Amino acid sequence: MSDTPPASSGAPGSPDFDEMTRDIAEVPAVEVIVTVAVNLMSAAAVKLGLTEEGDKYKDLDEARKLVAALAGLLDASATEISSFHAAPLRDGLKSLQLAFREASLVPDEPGQGPGEKYTGPVYG
């Protein structure tokens, strides 16, 4: 008897990992990077309290991590994605950084906010 589970149990709704691998193999890298960036932006917005739920999910410590991760991803991928994709992501990042500064009771010094080691200081 093998300890390795089958790739798909055949049950409705269960993932077929072979098919998922083929699907992701067909997605261009730029699309994967942009999708991850948008997911980080969305999660950061929720943690900053910028959604309809407002402060219900607000958590600035979590928001800091997400914004820093987004800044790092955009910095690392800047030469890999076109300005067509990068420009709106950088704008969104800056908006999140400014929202973080505004939401903080004690704002970070310029250059010390989330992701600013990648972007430089962000001013409103």
Side-chain angles (χ1 to χ4, degrees):
M1 178 174 222
S2 171
D3 290 332
T4 307
S8 176
S9 65
S14 66
D16 179 340
F17 295 108
D18 290 336
E19 185 175 322
M20 289 171 56
T21 300
R22 278 192 302 275
D23 288 348
I24 197 71
E26 296 170 5
V27 179
V30 170
E31 193 172 323
V32 174
I33 293 167
V34 169
T35 299
V36 170
V38 169
N39 285 332
L40 287 168
M41 290 175 81
S42 298
V46 170
K47 297 297 184 177
L48 284 167
L50 302 176
T51 61
E52 289 180 12
E53 293 87 7
D55 289 345
K56 182 177 179 182
Y57 300 108
K58 189 173 184 177
D59 183 334
L60 293 183
D61 185 51
E62 291 290 300
R64 177 183 293 277
K65 294 170 189 170
L66 292 163
V67 172
L70 174 61
L73 173 64
L74 294 181
D75 183 57
S77 63
T79 59
E80 306 301 327
I81 60 177
S82 68
S83 60
F84 174 79
H85 293 98
L89 294 173
R90 283 193 299 265
D91 290 346
L93 170 61
K94 182 177 180 180
S95 294
L96 291 170
Q97 289 171 312
L98 291 171
F100 184 91
R101 185 173 301 282
E102 187 176 306
S104 298
L105 294 176
V106 180
D108 296 313
E109 292 294 321
Q112 301 302 308
E116 290 183 15
K117 73 178 182 180
Y118 301 109
T119 64
V122 175
Y123 301 100

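Just so it is clear, the model here is predicted, and its values are computed rather than measured.
Here Asp108 pairs with Arg64 under the salt bridge (charged side-chain N to carboxylate O under 4.0 Å, His left out) rule; sequence neighbours left out. Applying the side chain to side chain contact (heavy atoms under 4.5 Å, CB included) test to Ala87 and every residue at least two apart in sequence or in another chain returns Arg90. Every residue two or more places apart in sequence or in another chain that forms a salt bridge (charged side-chain N to carboxylate O under 4.0 Å, His left out) with Lys65 is listed here: Asp61, Glu62.
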Extract all donor-acceptor atom pairs below 3.5 Å that involve side chains of residues 26-45 and protein atoms in other chains or at least two apart in sequence.
from: Thr35; atom 1: OG1; to: Glu31; atom 2: O; distance (Å): 2.8
from: Asn39; atom 1: ND2; to: Thr35; atom 2: O; distance (Å): 3.3
from: Ser42; atom 1: OG; to: Val38; atom 2: O; distance (Å): 3.0

Under 3.5 Å, sequence neighbours excluded: what are the donor-acceptor pairs made by side chains of residues 78-86?
from: Ser82; atom 1: OG; to: Phe84; atom 2: N; distance (Å): 3.4
from: Ser82; atom 1: OG; to: His85; atom 2: ND1; distance (Å): 3.1

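Using a 4.5 Å cut-off between side-chain heavy atoms of Ile, Leu, Val, Met, Phe, Trp and Tyr, with links allowed through other members, Leu89 and Val67 fall into the same hydrophobic cluster.
Residues Ala68 and Pro114 approach most closely at N-CB, 4.3 Å, considering heavy atoms. Heavy atoms only, all atoms of each residue included: Ala71 and Gly115 are closest at CB-CA, 3.5 Å.
Between atom CG of residue Leu48 and atom CG of residue Leu66 there is a gap of 8.5 Å, rounded to the nearest 0.5 Å. Distance OH/Tyr118 to CG/Leu73: 10.5 Å, rounded to 0.5 Å.
The environment of Glu102 atom CD is sparse: at most 12 non-hydrogen atoms of other residues, nucleotides or ligands sit within 6.0 angstrom.
Residue pairs meeting the side-chain hydrogen bond (donor to acceptor under 3.5 Å, both in side chains) criterion with at least one member in residues 91-101, sequence neighbours excluded, are Gln97-Thr119, Arg101-Glu116.
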